[in-house]
Amino acid sequence: MGPLGAPTMQTSDFSAPRETMSRTGRVMAKVLEAGVLVPISRTLEWAGGWPRLMGKMPKPADFGSYLPTSDDVIVCSYFKSGTTWVLQMAIQIAHRGDAEFDNIHFAIPWPDAPPAINHRIIPLNNPSPRQMSPTGLRVIKTHYPAGKVPQADAARYVAVVRDPKDVCISGYHFLSAMMGKPFPSLTTWVEIFLSPEFMQGCWATHLASYWSMRDKPNVLFLTYEEMKADTSRAIDLISRHMGVDLADEERQAVAERSSFAWMKQNTSSFNPGRVMPWGESELSLVRSGNVGSAKTALTPTQRERIDSHFMARLDELGCDFPYRERYS
Ligand code: A3P
């Protein structure tokens, strides 16, 4: 039974094959990690080659010729900016607080997913999320800047932005769990994050692309920090933007299921699974959920470096987002 006492609502007909690894495969992967990849990584770190290597990661796919429709709610956030949180709010709103899935990626397409996990994500052309949604709305995830996301007046876009210093720390924890021991030090990670070759693209370019669209009626622009300060308001803004009028108990169910405590307890429904054969299988997209973790995790010099780097990029882009006021 769902939280509202009715049979739970499934959200799609997609499921990914269960991935298992033999004991021998796991031992071999661990040997590869410790015996080959760690020494290569340390040498690369010494030679300053990590940023270039990260820039050479396989490129994700894109939306192809897909033209979004009035049924689509596209959550557009930079990586580690609260994407999964907003996806959960949006899918619960679409299902009136009663969306059930084994994994959120079985119900929400992500056209630009990394190639290694693409097969575990529902394709964009699977019609079941729309068909199984009581509001007829389906949610789509993307980390791409606006220029790489097809724009349609009928579709709704929710843009999410977070302090890049907290993005940097969140990304460090996530990717070091994903890549295991070969992952470089935090000092090198800061260089990777600021490098023009960074595989996720530039934080400032992403922000500027959505900031310039924030007054369009089909665009809702949110920051992680505002959502943390007033989550109820964020739920109201998103449901209004999606055109879904929630009854009180439905709204409560959306709030409960998108709370940090609930998502942490149900973390396996959000986790993307093992990416590297030697890496962790319980890669969690729900970690500490705090604003300002970079204050203790980064040195004052690293924080200033990130702030001045992105303020300069925003200036070059002619973007008037109030960075100094909000994040420095
Ligand atoms: P931290 O690593 O700082 O804890 P994304 O989904 O874009 O990868 O973002 C992940 C970040 O969102 C993580 O930040 C994660 O903890 C945070 N997050 C996930 N669910 C959340 C929730 N319900 N409330 C607040 N933060 C949440």
Side-chain angles (χ1 to χ4, degrees), residues 60 74-93 97 99 101 103-105 107-110 112-114 117 120-121 139-145 158-179 183 186 189-190 193 198-201 203 206-207 210 221-235 237-238 252-273 275 280 282-298 303 306 327:
I74 309 180
V75 174
C76 314
S77 64
Y78 193 68
F79 105 127
K80 308 318 293 174
S81 299
T83 323
T84 319
W85 186 18
V86 177
L87 292 176
Q88 170 72 340
M89 289 185 198
I91 196 165
Q92 292 301 336
I93 292 168
F101 40 78
N103 190 288
I104 199 162
H105 294 101
I108 297 186
W110 179 15
D112 46 308
I117 58 167
R120 290 184 218 144
I121 297 168
V139 182
I140 298 175
K141 162 177 172 176
T142 181
H143 285 325
Y144 273 154
V158 182
V160 190
V161 165
R162 185 184 194 186
D163 183 335
K165 301 184 289 306
D166 287 349
V167 169
C168 178
I169 292 304
S170 182
Y172 177 74
H173 285 290
F174 181 73
L175 291 175
S176 49
M178 184 180 106
M179 291 184 65
F183 198 68
L186 179 57
W189 168 244
V190 172
F193 182 60
F198 184 44
M199 79 275 192
Q200 295 289 338
W203 176 89
H206 188 279
L207 158 64
Y210 291 102
F221 186 95
L222 297 170
T223 67
Y224 181 89
E225 294 75 20
E226 288 164 344
M227 297 196 304
K228 278 290 288 187
D230 193 345
T231 308
S232 294
R233 179 171 172 271
I235 293 171
L237 287 172
I238 298 170
Q252 265 170 30
V254 172
E256 153 81 10
R257 287 179 161 215
S258 47
S259 67
F260 186 80
W262 194 95
M263 287 182 65
K264 187 85 178 167
Q265 206 179 346
N266 292 278
T267 192
S268 60
S269 305
F270 304 101
N271 115 32
V275 180
E280 308 223 352
E282 275 300 311
L283 273 182
S284 184
L285 289 165
V286 188
R287 191 182 63 92
S288 74
N290 290 325
V291 170
S293 48
K295 280 197 187 108
T296 47
L298 293 174
R303 294 198 302 270
I306 295 175
Y327 293 148

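Remember, it's 1-based here, ligands and their atoms both numbered in the order they're listed. FYI, the numbering just counts along the sequence from 1.
Scanning the protein heavy atoms around atom 16 (O) of ligand 1, the nearest turns out to be Arg287 N, 2.7 Å. Atom 12 (O) of ligand 1 has its closest protein heavy atom at Gly82 CA, 3.7 Å. Among all non-hydrogen protein atoms, the one lying nearest atom 14 (O) of ligand 1 is Arg162 NH1, 3.2 Å.
In this structure, Ser81 has a heavy atom closer than 4.0 Å to ligand 1. The closest approach between a heavy atom of Tyr224 and any atom of ligand 1 is below 4.0 Å. Contact analysis puts Met263 in contact with ligand 1, with a non-hydrogen atom separation below 4.0 angstrom.
Residue nearest to atom 10 (C) of ligand 1, selected from Leu285, Val160, Val75: Leu285 (by heavy-atom distance). Nearest-residue assignment for atom 7 (O) of ligand 1 (options Asp163, Thr83, Leu87; heavy-atom criterion): Thr83.
In this structure, Phe270 CZ and Ser268 OG are separated by 9.0 Å, a value rounded to the nearest 0.5 Å. Here the CG-CG distance, from Asn271 to Leu285, works out to 7.0 Å after rounding to the nearest 0.5 Å.
Among residues two or more places apart in sequence or in another chain, the ring pair (Phe, Tyr, Trp, His ring centres under 6.0 Å) test is passed with Tyr144 by none. With sequence neighbours excluded, the residues forming a side chain to side chain contact (heavy atoms under 4.5 Å, CB included) with Asp230 are Ser232, Arg233, listed by chain and number.
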